[in-house]
Amino acid sequence: MLEESALLIFAAGAVTAGFVAGLTGLGTALTALAFWLHVTTPQVAVPIAAAVAVTSHIVTLTFIRQGIFWPRLWPFLVGGLIGLPLGVWLLNFLSTEAAKLGLGVFLILYCSYGLSVKTPPVVAAGGRVLDGAAGSLGGVLGGLAGVSGPVPTIWCGLRGWPKDEQRGVFQPFNLVILLLSVVGHAGNGRYIEIDWQTIVMALVLGALGSVAGILVYRRTSDKNFRRIVLSLLLIGGITHIAAAIA
């Protein structure tokens, strides 16, 4: 069990990560690790972050279930499940740091552009083929560098869908990829090595934070939601670059 001061930081990280997940549908691990890596190791923080993200997605999806449209969602899921093992295989030949560096540069450039324009571009062409390609690229990056969410999230924004419909795609997509991650951590015995009280505390506080976040989300306009998501992805891009060059 963590010491009292470390426990407070860990609790704050869980609540904040849950809130961000509830507000945006992404960024759980990015937020949690910003707190947790100051008080514990990646071997403890990363598996718990994945579990908190899954919990937050399950909780918040009940609030936006009206935005889930299965004929729109399935190409992303199929593409992601195809791309994920491909990304794991590419890990034998490509550098994770190089992948994160490239993704970080892309996110900074794209999100800076997206935040600077009043009327964002809308891509109506390509149909399910391009949707599946976005999911596949997300899966590849998930297997290669553990960052499956940015590409499908950006693509949903480019489609011009309302915020519930965007989350109705990229959030279930992220949930599936993260579930596979949790299964992988469990299969490697990582949760057995972590104090169960710490895991329960993180899950409960993360769930409570996600409920608070989704309540704020429901009062957020489509325009403001887009700006919040782009801002979070921009922070993620900076973080990826920092991690790659550290």
Side-chain angles (χ1 to χ4, degrees), residues 20-28 30 57 60-84 86-87 99 102-145 147-178 213-214 216-237 240:
V20 170
L23 178 60
T24 66
L26 68 156
T28 315
L30 176 68
H57 281 319
T60 55
L61 277 173
T62 62
F63 290 86
I64 62 158
R65 58 186 179 277
Q66 70 279 1
I68 300 175
F69 185 52
W70 288 105
R72 177 180 289 166
L73 173 59
W74 72 259
F76 287 87
L77 293 177
V78 171
L81 293 175
I82 292 173
L84 185 63
L86 176 59
L103 179 62
V105 171
F106 168 73
L107 289 176
I108 290 173
L109 293 175
Y110 176 80
C111 295
S112 297
Y113 162 76
L115 289 167
S116 67
V117 297
K118 292 184 178 180
T119 304
V122 174
V123 180
R128 293 175 180 173
V129 173
L130 287 186
D131 291 344
S136 180
L137 185 53
V140 169
L141 287 171
L144 178 59
V147 283
S148 60
V151 171
T153 300
I154 288 174
W155 183 248
C156 289
L158 285 172
R159 284 304 202 191
W161 299 326
K163 61 176 186 175
D164 279 0
E165 294 183 19
Q166 290 185 45
R167 288 188 66 161
V169 171
F170 71 71
Q171 197 168 329
F173 175 87
N174 288 334
L175 173 59
V176 169
I177 300 299
L178 287 164
I214 199 72
V216 175
Y217 162 82
R218 296 177 77 174
R219 296 176 177 270
T220 303
S221 67
D222 284 357
K223 180 179 179 180
N224 286 336
F225 175 72
R226 172 181 166 274
R227 296 188 67 83
I228 291 170
V229 168
L230 287 176
S231 297
L232 186 60
L233 289 174
L234 178 61
I235 294 171
H240 292 324

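Heavy-atom basis, side chains included; hydrogens, waters and symmetry copies ignored.
Taking CD1 of Ile64 as the start and CZ of Arg218 as the end, the distance is 10.5 Å to the nearest 0.5 Å. Taken to the nearest 0.5 Å, the CD1 atom of Ile177 stands 5.0 Å off from the CG atom of Leu84. To the nearest 0.5 Å, the span separating CD1 on Ile68 from CG on Leu61 amounts to 5.0 Å. One distance of note links CZ of Phe170 with CG of Asn174; it measures 7.5 Å at 0.5 Å rounding. Annotation: the span from Phe76 atom CZ to Trp155 atom CH2 amounts to 8.0 Å, rounded to 0.5 Å.
Identified under the salt bridge (Lys or Arg N to Asp or Glu O under 4.0 Å) test for residues 109-127, with sequence neighbours left out: none. Sorted by first and then second residue, the salt bridge (Lys or Arg N to Asp or Glu O under 4.0 Å) pairs involving residues 147-159 (not counting sequence neighbours) are Asp131-Arg159. Screening residues 104-115 for side-chain hydrogen bond (donor to acceptor under 3.5 Å, both in side chains) gives no qualifying pairs among residues at least two apart or on separate chains. The salt bridge (Lys or Arg N to Asp or Glu O under 4.0 Å) analysis of residues 164-177, with sequence neighbours excluded, yields the pairs Arg72-Glu165.
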Report, one line per pair, each donor and acceptor closer than 3.5 Å where one atom sits in a side chain of residues 134-142; sequence neighbours left out.
none

Ignoring hydrogens and angles, write down the donor-acceptor pairs under 3.5 Å from the side chains of residues 222-236, residues two or more places apart or on other chains.
from	atom 1	to	atom 2	distance (Å)
Asp222	OD1	Lys163	N	3.4
Asn224	ND2	Ser221	OG	3.3
Arg226	NH2	Gly114	O	2.4
Arg227	NH1	Leu115	O	3.2
Ser231	OG	Arg227	O	2.8

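The side chain to side chain contact (heavy atoms under 4.5 Å, CB included) check on Ala99 picks up Leu144, Ala145, with sequence neighbours excluded. A search for side-chain hydrogen bond (donor to acceptor under 3.5 Å, both in side chains) contacts involving His240 returns nothing, not counting sequence neighbours. Thr153 pairs by the side-chain hydrogen bond (donor to acceptor under 3.5 Å, both in side chains) definition with nothing, not counting sequence neighbours. Judged as a side chain to side chain contact (heavy atoms under 4.5 Å, CB included), and not counting sequence neighbours, the contacts of Arg128 are Pro71, Trp74, Pro75. Checked against side chain to side chain contact (heavy atoms under 4.5 Å, CB included), Thr28 has the following partners two or more places apart in sequence or in another chain: Ala17, Ala21, Val52, Ala53. Ile82 pairs by the side chain to side chain contact (heavy atoms under 4.5 Å, CB included) definition with Val78, not counting sequence neighbours.
Nearest heavy-atom pair across Cys156 and Trp161 is SG-CZ3, 3.7 Å. Here the closest non-hydrogen pair linking Gly149 and Pro152 is O-CD, 3.3 Å.
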Notebook entry, point to check: Passes side-chain contact (heavy atoms from CB on, under 4.5 Å), Ile154 versus Leu107? Steps please.
Noted result: CA-CA 9 Å; Ile154 288 174; Leu107 289 176; 3.6 Å; yes
